[in-house]
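Owing to the predicted nature of the structure, the values given are computational and were not obtained by experimental measurement. Throughout, a chain's letter reflects where its sequence line sits, starting with A, and its residues are numbered from 1. Values below: all heavy atoms of this structure, side chains included; hydrogens, waters and symmetry mates excluded.
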There are 2 protein chains.
Amino acid sequence: MTASRRRASVDVLLPGRYEWYVKHFTNTRRVSDSTVRRLSLYLRYLEEFQRRGLKTVSSQELAHGTGTTPAQVRKDLSFFGSFGKRGLGYFVPELITKIRAILGLGREWRVLVLGAGRIGTALAGYPDFARQGFRVVALVDNDRSKIGGASGGVPVRDVADLERIVQQELIDIAIVATPAGAAQALVDRAVAAGVRAFLNFAPVKLDVPAEIALRNVNMALELEGLSFAMTSGRVLAV
Amino acid sequence: MTASRRRASVDVLLPGRYEWYVKHFTNTRRVSDSTVRRLSLYLRYLEEFQRRGLKTVSSQELAHGTGTTPAQVRKDLSFFGSFGKRGLGYFVPELITKIRAILGLGREWRVLVLGAGRIGTALAGYPDFARQGFRVVALVDNDRSKIGGASGGVPVRDVADLERIVQQELIDIAIVATPAGAAQALVDRAVAAGVRAFLNFAPVKLDVPAEIALRNVNMALELEGLSFAMTSGRVLAV
DNA sequence: AGGTGTGAATTATTTCACAGCG
DNA sequence: CGCTGTGAAATAATTCACACCT
């Protein structure tokens, strides 16, 4: 209490204290998941904006186009630097470059789809992935009648060769589009072979080591959210 | 300041005050989106649990199976009632019934898919939807070569007949799986025809009236989240 | 003993509001 | 002026911790 707020001599890094320390004395601020999601939305909107030939954009416009508030836009961006010009706004091409760098979109990411069923094949040919630098290199399946074929230009290969494919094709990301029961075992093999990130469409909780990135997309869950909103008379716009 | 905290005589419903009022004096507590999402996860896990013939479950087990904490499970459920038995846990079949009721899954929801492309047709045949009572009744498209056909038992109809289909088939929910540019106009028509909820897969911000429920699934955005996590050395498990 | 239900405390996220710069 | 960048304030969500039941 008597020491200055910025340098108390007996301050020890207790739980809670630690977070505070990180936040105030390092540049390793925790960026929330919601912030990252919004950055993607800003990027999408900026690209559209650029297509229309516009040069600068204000936090106001960006917020309106992505369903958030101007303060939120500025706060989100301020985690990563000062990209705007006061009185003017942000230069569209420059901000696109910055956000792409933040999101790690300056390179090509190599993607393998696990499961060549309806969802897997639909995702393999999804044009938005390629547009942002996610290149789907192959699908794998265990169905003999599918192996050797191709879907939207992407070859279907034998899941038995998973490890070899991951290593030869330098796979970064796997999209899990298998039945729920098969997912965890394949993910374990993929992790062991070197895949560092997973986008999971199977309706199961996947266990992965802490250093592996994982996101879940659960479509039935989204419909249930709509069902809840309609039933309870509330509205959930997310 | 001098009045009791629970009944200050000049308390007016200012912004902020209003929320406090609702929270403390009505039973209309705001349920957060994250709570609703977790209820869906609990339900999924409970169904699996029941399949294995287990009769009771603790908040501990439920949390472990869904990637959250026991306190969170209890808090989520307590928004809606007291479903557990102290010292014992929750009865699995009973809790399933309760959660299904909360989420509004006691009825069949009728679903129309807008767009019979890869994503649309994949979703039309997605077995998890039917399992929770979401019945995909039809797809619509403007491609003559698709109209009249069927995908996974679901007929493809002419988008020109959208209004008639919504009304005749009593559509509750539309899944938007069209190209980005076509989405908003179709959604406007669907709203006018009586659709009350939308699950949007198109990478655009849709504008809908406040009483219409809307959820967005943006798959490129999820991949970008993984890209960020790998680039920044942080991990985002969601 | 074992596990729920829930206020209170903590932590996270959003919004406000305004100094300061172009 | 107009609009950013950002501490401070307000809200929201999560976690703690414990009284209380069975």
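When the shell of 6.0 Å around CD of A/Q60 is examined, it contains 12 or fewer heavy atoms from other residues, nucleotides or ligands. Around the CZ atom of B/F80, the shell of radius 6.0 Å holds more than 12 heavy atoms that belong to other residues, nucleotides or ligands.
Contacts between residues 89-97 of chain B and DNA chain C, defined by a heavy-atom separation below 4.0 Å, involve B/G89, B/Y90, listed by number. Applying a 4.0 Å cut-off to non-hydrogen atoms, the residues of residues 42-69 of chain A that approach DNA chain D are A/S58, A/S59, listed by residue number.
Salt bridge A/R37/B/E224: absent, no basic N to carboxylate O contact under 4.0 Å. Salt bridge present: A/R107 and A/D172 bring a charged side-chain N and a carboxylate O closer than 4.0 Å. Classification of B/R215 and B/D33 as a salt-bridged pair holds, one side-chain N sitting under 4.0 Å from a carboxylate O.
A distance below 6.0 Å separates the ring centres of B/F129 and B/Y126.
Rounded to an integer number of Å, the gap from A/K75 NZ to D/dG7 C1' is 7 Å. Put simply, CZ on B/F83 is 14 Å from P on C/dT4, counting in whole angstrom units. One atom, NZ of A/K85, and another, C1' of C/dG20, lie 15 Å apart when rounded to the nearest Å. Across the protein-nucleic acid pair, A/L77 atom CG and D/dG5 atom P stand 7 Å apart, rounded to whole Å. Here D/dT4 presents its C1' atom at 10 Å from CG of A/L88, a figure rounded to the nearest Å. Counting to the nearest Å, the C1' atom of D/dT6 and the CG atom of A/D76 are 13 Å from each other.
Put simply, A/Q72 has a side-chain N or O that comes within less than 4.0 Å of OP1 or OP2 on C/dT15.
Remark: the backbone N or O of B/G104 is paired with a side-chain donor or acceptor of A/S227 at under 3.5 angstrom.
A/L43 contributes atom CG, which lies 10.0 Å from atom CD1 of A/I102 (distance to the nearest 0.5 angstrom).
Evaluation of the side-chain hydrogen bond (donor to acceptor under 3.5 Å, both in side chains) test over residues 182-195 of chain A, restricted to residues two or more places apart or in two chains, returns A/E163-A/R189, A/Q184-A/D188. Applying the salt bridge (charged side-chain N to carboxylate O under 4.0 Å, His left out) test to residues at least two apart or on different chains, the pairs with a partner in residues 51-78 of chain A are A/R38-A/D76, A/E48-A/R51, A/E48-A/R52. For residues 83-105 of chain B, the side-chain hydrogen bond (donor to acceptor under 3.5 Å, both in side chains) pairs, not counting sequence neighbours, are B/R100-B/Q132.
When the nucleotides C/dT14, C/dG7, D/dG5 are ranked by their closest atom to the side chain of A/R38, C/dT14 comes out on top. When distances are taken from the side chain of A/S32 to each of D/dT14, C/dT13, D/dA8, the shortest belongs to C/dT13.
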With the criterion being N/O to N/O and under 3.5 Å, what pairs connect the protein with nucleotides 17-19 of chain D, and how long is each?
{"residue": "D/dA17", "atom": "N6", "partner": "B/R74", "partner atom": "NH2", "Å": "3.2"}

